[in-house]
Amino acid sequence: YNIRGTVRLRMRMRGHGKYWKRMLNESPTMVRCMERTYTVLIADDSKHIRYLLQHFVSSLGYIPVIAEDGEEALQLFTATDPDLVLLDVMMPKLNGYEVARRIRTQLSSTWIPIIFLSAASEEENEIQGLEVGGDDYLAKPIRLSLLAAKIKVMKRLADMHRALQEKTDLLERYQEENEQEQQMAKHMMEHLVRLDRFQGKEIEHWMVPARHFSGDLIAAAHSPNNTV
């Protein structure tokens, strides 16, 4: 996509969740074609809260994706792979606790921050939100300055987690490739030195990778009278 196409696409993404979901179904590769941006999934059954959070998230420079209930939130989470989820607790079809639980079950090594937004501010509500997979809890009415700070912290933690995961994956690939190279070298050396010629009692022998010993090498061969 050229720059103008990307801008038009972003403008349409800022709309309602149903339009966004339909566009993804028609062309699921659109999002992958764009350069990486920070996407926030907003799930709330209140039209007023959705409108407020949509424009607030946009003002922070992020892309909002809007869901009106728990089922739509799960569908859009799978379709858009957001970087952060703002999740209301009391929603039709599926409540926020169940949505968070299913998101955590769906994810394996990837971590996506979840912030609960709820009018229920009792301690047991906050504990339940954290136990089902939430990372933070913000009581309504929402203080936008506090929400902005929480989003910033979650973004920093998510970026650190992503960088660590990339390095871990790279290290695992390196270890796997190194092990394969060691096995191949061992196989080649065993055939080159023909250890089967020294099966008698005159000498003991073994072969280990060079990284496991000092590097000293003793060469042996049979003499004409068949001694070592």
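We count residues from 1, following the sequence as given.
Connection of V99 to M90 is established within a shared hydrophobic cluster, with ILVMFWY side chains joined at heavy-atom distances below 4.5 Å, either directly or through further cluster members. Both L157 and L146 belong to a common hydrophobic cluster when Ile, Leu, Val, Met, Phe, Trp and Tyr are linked at side-chain heavy-atom distances under 4.5 angstrom. Both V153 and L60 sit in one connected hydrophobic cluster of ILVMFWY residues. Membership requires side-chain heavy atoms under 4.5 Å apart, directly or through other members.
For D159 and R156, the salt-bridge test fails: no basic side-chain N is under 4.0 Å from an acidic carboxylate O. The residues D45 and K93 are annotated as not salt-bridged, no charged nitrogen and carboxylate oxygen being separated by less than 4.0 angstrom. Ion pair R162/E166 not flagged as a salt bridge, since none of the NZ, NE, NH1 or NH2 atoms sits closer than 4.0 Å to an Asp/Glu carboxylate oxygen.
Between K150 and L138, some side-chain heavy-atom pair lies under the 4.5 Å cut-off. A 4.5 Å side-chain heavy-atom check between V57 and S59 finds every atom pair outside the cut-off. Contact annotation: the side chain of Y97 approaches that of V89 to within less than 4.5 Å [non-hydrogen atoms, C-beta and beyond].
Residues satisfying the side-chain contact (heavy atoms from CB on, under 4.5 Å) criterion with A120, sequence neighbours excluded, are S118, N125, Y137. Qualifying side-chain hydrogen bond (donor to acceptor under 3.5 Å, both in side chains) partners for E131, counting only residues two or more places apart in sequence or in other chains: none.
In this structure, CD in Q165 is found 7.0 Å from OG1 in T110, a value given to the nearest 0.5 Å. Atoms OH and CG, from Y38 and D83 in turn, are 5.5 Å apart once rounded to the nearest 0.5 Å. Note that CD1 of I151 and CG of L84 are 6.0 Å apart. Values are rounded to the nearest 0.5 Å.
Side-chain atoms of R101 never come within 3.5 Å of backbone atoms of V132 as a donor-acceptor pair (strictly under, hydrogens ignored). Here the side chain of E176 pairs no donor or acceptor atom with the backbone of E172 at under 3.5 angstrom. Of the possible polar contacts, none joining the D88 side chain to the M91 backbone as a donor-acceptor pair under 3.5 Å is found.
The residue from I49, I42, D136, L53 that alone fulfils the side-chain contact (heavy atoms from CB on, under 4.5 Å) condition with L117 is L53.
Shown here is Q175, whose CD atom has more than 12 heavy atoms of other residues, nucleotides or ligands within 6.0 Å.
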